[in-house]
Amino acid sequence: MSKNIGPEYVRAIAPYQSGKPIAEVAREFGLDEAAIVKLASNENPYGMPESAKQAMIAAIDDLGRYPDANGFDLKAVLSKRYDVPADWITLGNGSNDILEIAAHAFVQHGQSVVYSQYSFAVYALATQGLGARHIVVPAQAYGHDLDAMAAAIADDTRLVFIANPNNPTGTFLSAAQLEAFLQKVPAHVVVVLDEAYNEFLSADDQYESTAWVRQYPNLVVSRTLSKAYGLAGLRIGFAIAQPVLTDLMNRIRQPFNVNSLAQAAAIAALNDKAFLEQSARNNAAGYQQFTEAFTQLGLEFVPSHGNFVLVKVGDDDEAGARVNLALLKQGVIVRPVGSYGLPQWLRISIGLPQENAIFIAALTKALA
């Protein structure tokens, strides 16, 4: 078969690399799965809430039928939570699905997409998958330079991706910075504000972006239940935008893209305030645990507003890979970020206190 099957821009895509599964590390290094600590994928260390588990059990009897394609009950909960009409909501198979849907709905082959250096890898993948043109704006202090991004918008730009907080660097843009940017963006350019880590923001940093959706018809706010809500394995996210945008997104969205168990679990998790508060408290304590250790070890790190920390583990371009391998051999899985152009750094997800302590001890040994 010819090697030239498919568009050249698709063949040029480097597949997304997820964090190593625990079972794979156990096999590769001959380790006990139960002793392995995974701090690689920004998952909730508590797993999923018990309320969501019980909701899934109750939904099992209906698995012989297709899920509600429009997610009526889930949209009703989201509508009440964010004070928006149900037809302003698009459901996704994780927020990753939302990002892909937005790219396909608003961008044509050959048009351009603007996003920041060191921002979520899926922005580049979604752009490349369309055969669209990348406009990658150099980062400022490892985060978004919104003035430069506004200036980079070209005549053929149709989409701008912004992550806040940003993954993998953890940087944060204030409400004032974001609104000033939105005021500069032409009305025909859609802005996707990707807020996968919003629930981890401190009270001082919190803002309500859905209010901007009412003011800016070209804004899409993307959220996920994979992180703070502990539903990563169920893959569920959603977007909030005005109907002119959600109508287009729902034309692209695959039918039944959110399964019945995910919908049931999401409704329960969204109503489980105690679990969300517990997760936020653990995250704040773990962040302090990490940053104190990094400071003691003399390591540079980027102040983070998510549930992870980006830390520099050496000065040469092999440092990240070298220290990552040393950690894997000790049964600790973290995330190398060389694919982001950060080969000297590792991204560490915040776990439970004992998991964080195991990682810190392993890192200290790896650096010795």
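Without hydrogens or angle criteria, Glu100 side chain to Asn96 main chain gives no donor-acceptor distance under 3.5 Å. Side-chain N or O atoms of Ser174 include one that pairs as donor or acceptor with a backbone N or O of Gln177 at under 3.5 Å.
With no hydrogens or angles considered, a side-chain donor-acceptor pair links Tyr207 and Glu195 at under 3.5 Å. Looking at Asp97 and Asn257, their side chains do bring a donor and an acceptor atom within 3.5 Å of each other.
Phe294 and Trp345 sit in two unconnected hydrophobic clusters of ILVMFWY residues. Membership requires side-chain heavy atoms under 4.5 Å apart, directly or through other members. No path of Ile, Leu, Val, Met, Phe, Trp and Tyr side chains, each step under 4.5 Å between heavy atoms, connects Leu310 with Val313, placing them in separate hydrophobic clusters.
By the salt bridge (charged side-chain N to carboxylate O under 4.0 Å, His left out) test, Asp247 pairs with Arg251, sequence neighbours left out. Residues meeting the salt bridge (charged side-chain N to carboxylate O under 4.0 Å, His left out) test with Glu28, sequence neighbours left out: Lys20. In this structure Tyr46 satisfies the ring pair (Phe, Tyr, Trp, His ring centres under 6.0 Å) test with no other residue, sequence neighbours excluded. Among residues two or more places apart in sequence or in another chain, the side-chain hydrogen bond (donor to acceptor under 3.5 Å, both in side chains) test is passed with Asp272 by Ser51. Scored by the side-chain hydrogen bond (donor to acceptor under 3.5 Å, both in side chains) test, Ser260 finds no partners at all (sequence neighbours excluded). For Glu318, the salt bridge (charged side-chain N to carboxylate O under 4.0 Å, His left out) criterion is met by no residue, not counting sequence neighbours. Remark: Lys329 pairs with no residue by the salt bridge (charged side-chain N to carboxylate O under 4.0 Å, His left out) rule, at least two apart or across chains. Here Phe238 pairs with Tyr82 under the ring pair (Phe, Tyr, Trp, His ring centres under 6.0 Å) rule; sequence neighbours left out. Take Phe106 and apply the ring pair (Phe, Tyr, Trp, His ring centres under 6.0 Å) test, not counting sequence neighbours, and it matches no residue.
Pairs passing the ring pair (Phe, Tyr, Trp, His ring centres under 6.0 Å) check and including a residue from residues 173-204, sequence neighbours excluded, read Tyr197-Phe308. Sorted by first and then second residue, the pairs that involve residues 123-138 and meet salt bridge (charged side-chain N to carboxylate O under 4.0 Å, His left out), not counting sequence neighbours, are Arg133-Asp156.
Counting all heavy atoms, side chain and backbone alike, Met249 lies closest to Thr90 at CB-OG1, 4.0 Å. Summarising the geometry of Thr291 relative to Phe301, their closest heavy-atom pair is CG2-CE1, 3.5 Å, with the distance given to 0.1 Å. Heavy atoms only, all atoms of each residue included: Ala121 and Tyr340 are closest at N-OH, 3.3 Å. When all heavy atoms of Ser79 and Ala86 are compared, the closest pair comes out as OG-N, 3.8 Å.
Remark: Ser41 OG to Arg335 CZ distance equals 6.0 Å, nearest 0.5 Å. Remark: Leu78 CG to Asp73 CG distance equals 11.0 Å, nearest 0.5 Å. Note that the CG atom of Asn93 and the CD1 atom of Ile236 stand 8.5 Å from one another [nearest 0.5 Å]. Interatomic distance, CZ of Arg223 versus CD1 of Ile98, reported as 12.5 Å (0.5 Å rounding).
Taking a 6.0 Å sphere around CD of Gln254, one finds it holds 12 or fewer heavy atoms contributed by other residues, nucleotides or ligands. Within 6.0 Å of CD in Glu208 there are more than 12 heavy atoms belonging to other residues, nucleotides or ligands. Glu300 CD: more than 12 foreign heavy atoms inside a 6.0 Å radius. Annotation: Asp155, atom CG; neighbour count of heavy atoms from other residues, nucleotides and ligands within 6.0 Å does not exceed 12. More than 12 heavy atoms of other residues, nucleotides or ligands sit less than 6.0 Å from atom CD of Gln354. Within a 6.0 Å sphere centred on NZ of Lys80, other residues, nucleotides and ligands contribute 12 heavy atoms or fewer.
Grouping Ile, Leu, Val, Met, Phe, Trp and Tyr by side-chain contacts under 4.5 Å, direct or through others, puts Leu31 with Ile22, Val25, Phe29, Ile36, Leu325, Leu328, Ile333.
The cationic atom of Arg214 (NZ for Lys, CZ for Arg) lies less than 6.0 Å from the six-membered ring centre of Trp88 and within 45° of the ring axis.
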